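Taking it in order: structure first as structure tokens, then the write-up.
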Amino acid sequence: MTGVTPLEVLRSVLIAPSVREDFIRKLPGRGADVVFLDCEDAVPANAKEQGRLLARRWVPQLVAQGETVVVRVNAVTGPWFDADIREGVAPEAAAVVVPKIETVEQLDHVATTLDRAGLDNVGVLVGIETALGVIDARILLSHPRVSAAYFGAEDLIADLGGVRTESNHEVANARSSVALSARVAEVPIVDQVVTDFRNEARFTREARQARNMGYAGKLCIHPGQVEPANAAFTPGPEEVDRARRLLTAYAEAQDRGLAAIDFEGQMVDEPLAVQARRLLERVRGVAHP
Amino acid sequence: MTGVTPLEVLRSVLIAPSVREDFIRKLPGRGADVVFLDCEDAVPANAKEQGRLLARRWVPQLVAQGETVVVRVNAVTGPWFDADIREGVAPEAAAVVVPKIETVEQLDHVATTLDRAGLDNVGVLVGIETALGVIDARILLSHPRVSAAYFGAEDLIADLGGVRTESNHEVANARSSVALSARVAEVPIVDQVVTDFRNEARFTREARQARNMGYAGKLCIHPGQVEPANAAFTPGPEEVDRARRLLTAYAEAQDRGLAAIDFEGQMVDEPLAVQARRLLERVRGVAHP
Amino acid sequence: MTGVTPLEVLRSVLIAPSVREDFIRKLPGRGADVVFLDCEDAVPANAKEQGRLLARRWVPQLVAQGETVVVRVNAVTGPWFDADIREGVAPEAAAVVVPKIETVEQLDHVATTLDRAGLDNVGVLVGIETALGVIDARILLSHPRVSAAYFGAEDLIADLGGVRTESNHEVANARSSVALSARVAEVPIVDQVVTDFRNEARFTREARQARNMGYAGKLCIHPGQVEPANAAFTPGPEEVDRARRLLTAYAEAQDRGLAAIDFEGQMVDEPLAVQARRLLERVRGVAHP
């Protein structure tokens with residue numbers, strides 16, 4: 001990543017269709033780390049022009065209200081992308097979200113189009129959500145213009161001709177392998193949506209799994225998902241206490257020339273100390289975004 | 001894929017040893033989408049010649065009885081492959097099945113050997129069933145001569161020196177990653193066998209998982225597995241009804257300029273509409289193969 | 001692999017910090033296939049020099065007592081590696097263990113450093129335990145100087161910024177994909193540690209899963225884990241009996257010109273016979289290492 005407008009805290013990324021001003025008006029103050037105006041999947045072909053103009057108009061207002069805002073444009077391969085960038089993305093946007101990225105050439109085109117539109121300070125958050133995107137995620141996410149990514153399970157299964165289930169069995173391998181690719185590319189990545197938005201148990205379970213795998217947060221398709229997302233991606237007080245106790249015991253052992261200790265029934269050495277340090281960094285990152 | 005004799009419907013691929021005429025005689029009318037005469041694993045070294053001659057003789061008869069027939073020859077790296085192609089494959093076969101494919105060179109050899117034998121209209125269905133085959137599946141399945149593939153869990157675990165279990169934990173990653181590779185290569189892929197052929201619950205569970213992951217069907221090693229395979233890979237009436245209702249609601253929303261709706265408690269937008277459309281295509285594909 | 005000092009039996013690889021002479025003294029006779037003196041994660045920065053000198057001194061003594069011994073040095077990218085090799089590795093060591101391998105250049109440096117130190121007969125056991133290591137495992141493990149490998153889940157999750165759980169969900173894909181890479185590279189691979197060392201049920205469950213996936217053994221961070229490791233990676237008497245019965249029935253069928261049989265309710269053909277043969281080889285390998 002280039003570090004152009006990095007999106008540092010991404011626990012909850014709340015999506016609203018750009019054509020739903022009634023929804024957009026209510027986005028501020030919901031507690032989402034990022035607000036995501038969608039001109040792609042949530043806007044039908046007959047409203048694409050209206051969608052991009054509304055996104056263009058709303059971004060500065062939301063930013064003025066203290067929100068971090070990103071705008072999803074339509075896919076590079078379709079007929080709307082160029083106009084979306086030119087007319088739909090305000091320079092106040094933290095990032096353009098580009099869905100269904102599959103090739104380096106597409107990313108080069110994104111970079112050029114943004115430059116021409118004078119949006120070279122706007123980040124690029126790409127969607128990995130096709131079989132090709134998943135397989136080539138490492139090279140795609142390593143593109144210098146990419147600042148962050150999300151994993152899109154619904155589009156992936158549509159691409160595969162499969163069926164989505166609550167078990168996530170059908171996307172487990174892709175979801176995990178994309179997290180590895182994002183780490184190698186050094187970009188943060190946001191986890192899949194949960195479409196049955198009243199199923200909070202599922203959302204929380206997925207969010208915890210995602211954090212365990214190294215995801216930075218979760219796409220939210222309903223305001224009710226923001227709080228569970230923030231909670232799942234913020235270490236709880238017991239976790240924080242344990243991490244602090246662990247690092248204290250580890251430091252004391254190191255003073256005595258040791259680095260592998262029995263800590264509360266667990267063998268702790270350097271990798272577990274690193275895990276504890278990163279947990280505490282995550283708490284600090286959230287406290288001071 | 002070249003589209004040479006594509007195998008369009010592959011829900012149930014029923015295997016019989018080419019040396020078991022008693023079995024082969026009973027194959028027609030069992031409802032299998034494809035009948036698979038095996039000259040490889042199911043035929044011992046001392047019967048390879050007999051096996052290929054029987055396969056050669058039976059294919060035209062089975063085709064005359066309305067079956068789609070494929071013939072599995074022995075591996076390219078072994079001593080029987082060339083004669084299997086020359087003497088074992090009738091031109092009426094929909095495809096030659098080539099097991100344990102691991103390199104592009106092997107596929108080039110398959111293509112050349114088929115051309116020399118005048119079998120350039122016969123498809124090639126390859127087995128991905130070794131560690132190397134799994135890792136290189138994307139490039140292997142993208143070979144222009146490949147029309148379809150299967151994933152072989154038993155051979156893979158033999159190759160790894162592991163142990164097969166009903167949990168499928170030991171093959172989960174490979175099975176899923178091969179499905180992604182097949183999608184990228186645009187070839188349909190058929191899922192692993194279930195060797196404990198009286199365990200219909202296992203078969204049905206695996207078949208559903210496979211469909212969820214994007215597999216087109218399942219290898220069957222017993223006629224009793226054909227009906228469960230066809231059932232699992234054919235969307236049921238409730239699924240079809242739901243898909244139709246969903247697309248109707250989605251179309252109505254689009255007329256009003258919207259593309260993200262609350263449909264029966266689920267947020268539905270374009271990727272879910274695509275999933276529904278593909279489900280209905282699958283139903284049509286089965287009805288008019 | 002070059003076959004330089006191959007590590008043939010790796011069911012239990014028992015780790016002790018090189019600075020804990022009290023532990024090291026008690027290592028012989030514990031039944032571990034390999035004893036692993038750690039100068040890396042288990043030794044703090046202020047004791048690195050002492051750690052390598054103790055490792056250097058203890059290896060010949062442990063070897064004289066009949067143990068197969070490996071020494072883990074610090075990472076190639078850090079300040080201690082070169083001195084660790086020069087001063088910490090006795091020529092009696094079966095292998096140097098090099099953690100966190102990520103690039104071919106690092107492996108070339110390992111090879112050169114070992115050659116210069118006159119340790120060209122010592123094997124190299126590498127740690128795959130970062131996102132980059134996992135993704136590039138196939139090319140890394142194919143380096144001619146690599147004799148064996150281990151998969152490090154704790155370091156991988158530290159690298160990903162994730163959270164380790166008993167479910168292993170967060171490492172499932174990596175753990176399995178590394179096993180495939182090791183097979184393609186033809187090197188044996190040892191599975192992750194279990195840090196909560198009193199949880200024998202977890203250890204045994206993980207060890208069985210690992211064997212199913214093709215792993216050769218398990219890293220042990222406590223002497224109490226050695227016996228469960230040896231047990232899990234040694235086929236039990238019932239497994240051995242079944243494999244023998246299966247191969248007998250298969251051989252009899254082959255004499256009759258058949259190679260696909262109903263064996264105790266399971267369809268058995270060549271891949272299952274290979275699995276049975278490899279199971280018996282594993283028993284023999286353990287009996288005569």
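Quick caveat, the model's predicted, so the values are computed rather than measured. Below, chains carry the letters A, B, ... as their sequence lines are ordered, and counting in each starts from 1.
- The OG1 atom of B:Thr195 sits 3.5 Å away from the CD atom of C:Gln266 when rounded to the nearest 0.5 Å.
- Heavy atoms closer than 4.5 Å to chain B are found in both the backbone and the side chain of C:Leu180.
- Taking 4.5 Å as the limit, some side-chain heavy atom of C:Pro271 sits within range of a side-chain heavy atom of B:Asp41.
- When each of B:Val134, B:Asp136, B:Val194 is scored by its heavy-atom pairs under 4.5 Å with chain C, the top score falls to B:Asp136.
- In this structure, chain C has no heavy atom under 4.5 Å from any part of B:Ile15.
- Interatomic distance, C:Asp269 CG to B:Asp38 CG, rounded to the nearest 0.5 Å: 7.0 Å.
- Taken from OH in C:Tyr215 to CG in B:Leu160, the straight-line distance is 10.5 Å, to the nearest 0.5 Å.
- Of the charged side-chain nitrogens involved, none lies within less than 4.0 Å of a carboxylate oxygen, so that C:Arg278 and B:Asp159 do not count as a salt-bridged pair.
- For B:Val43, the part sitting under 4.5 Å from any heavy atom of chain C is the backbone (N, CA, C, O) and nothing else.
- With a 6.0 Å radius and a threshold of 12 heavy atoms from other residues, nucleotides or ligands, B:Glu49 has its CD atom at or below the threshold.
- A distance-only check finds a donor-acceptor pair linking the side chain of B:Asn46 to the backbone of C:Gln254 [under 3.5 Å].
- In this structure, chain B has a heavy atom under 4.5 Å from the side chain of C:Tyr250, while its backbone stays farther away.
- From B:Glu170, atom CD reaches atom CE of C:Met213 across 8.5 Å, with rounding to the nearest 0.5 Å.
- Checking side-chain atoms of C:Gln275 against main-chain N and O of B:Glu154 turns up a donor-acceptor pair under 3.5 Å.
- Ranked by heavy-atom pairs shorter than 4.5 Å toward chain C, the options B:Asn199, B:Thr130, B:Ile135, B:Ile221 are led by B:Ile135.
- Residue contact with chain B, scored on non-hydrogen atoms closer than 4.5 Å, involves the backbone and the side chain of C:Arg211 alike.
- Counting heavy-atom pairs closer than 4.5 Å to chain B, the top residue among C:Ala276, C:Gly265, C:Ala216, C:Ala273 is C:Gly265.
- Minimum interatomic distance between B:Pro44 and C:Ala259 (heavy atoms only, all atoms of both residues): N-CB, 3.4 Å.
- Once rounded to the nearest 0.5 Å, the distance linking CG of C:Asp262 with CG of B:Asp196 reads 11.0 Å.
- Put simply, of C:Arg175, C:Glu281, C:Glu264, C:Arg183, the one with the most heavy-atom pairs under 4.5 Å next to chain B is C:Arg183.
- Ranked by non-hydrogen atom pairs under 4.5 Å with chain C, the options B:Ala47, B:Gly161, B:Ser176 are led by B:Gly161.
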C:Asn212 vs B:His169, side chain to side chain contact (heavy atoms under 4.5 Å, CB included): CA-CA, chis, key distance, verdict: CA-CA 8 Å; C:Asn212 296 347; B:His169 178 274; 6.0 Å; no
message: Evaluate C:Arg138 against B:Leu132 for side chain to side chain contact (heavy atoms under 4.5 Å, CB included), listing each step before the verdict.
response: CA-CA 10 Å; C:Arg138 183 237 193 110; B:Leu132 183 53; 3.1 Å; yes
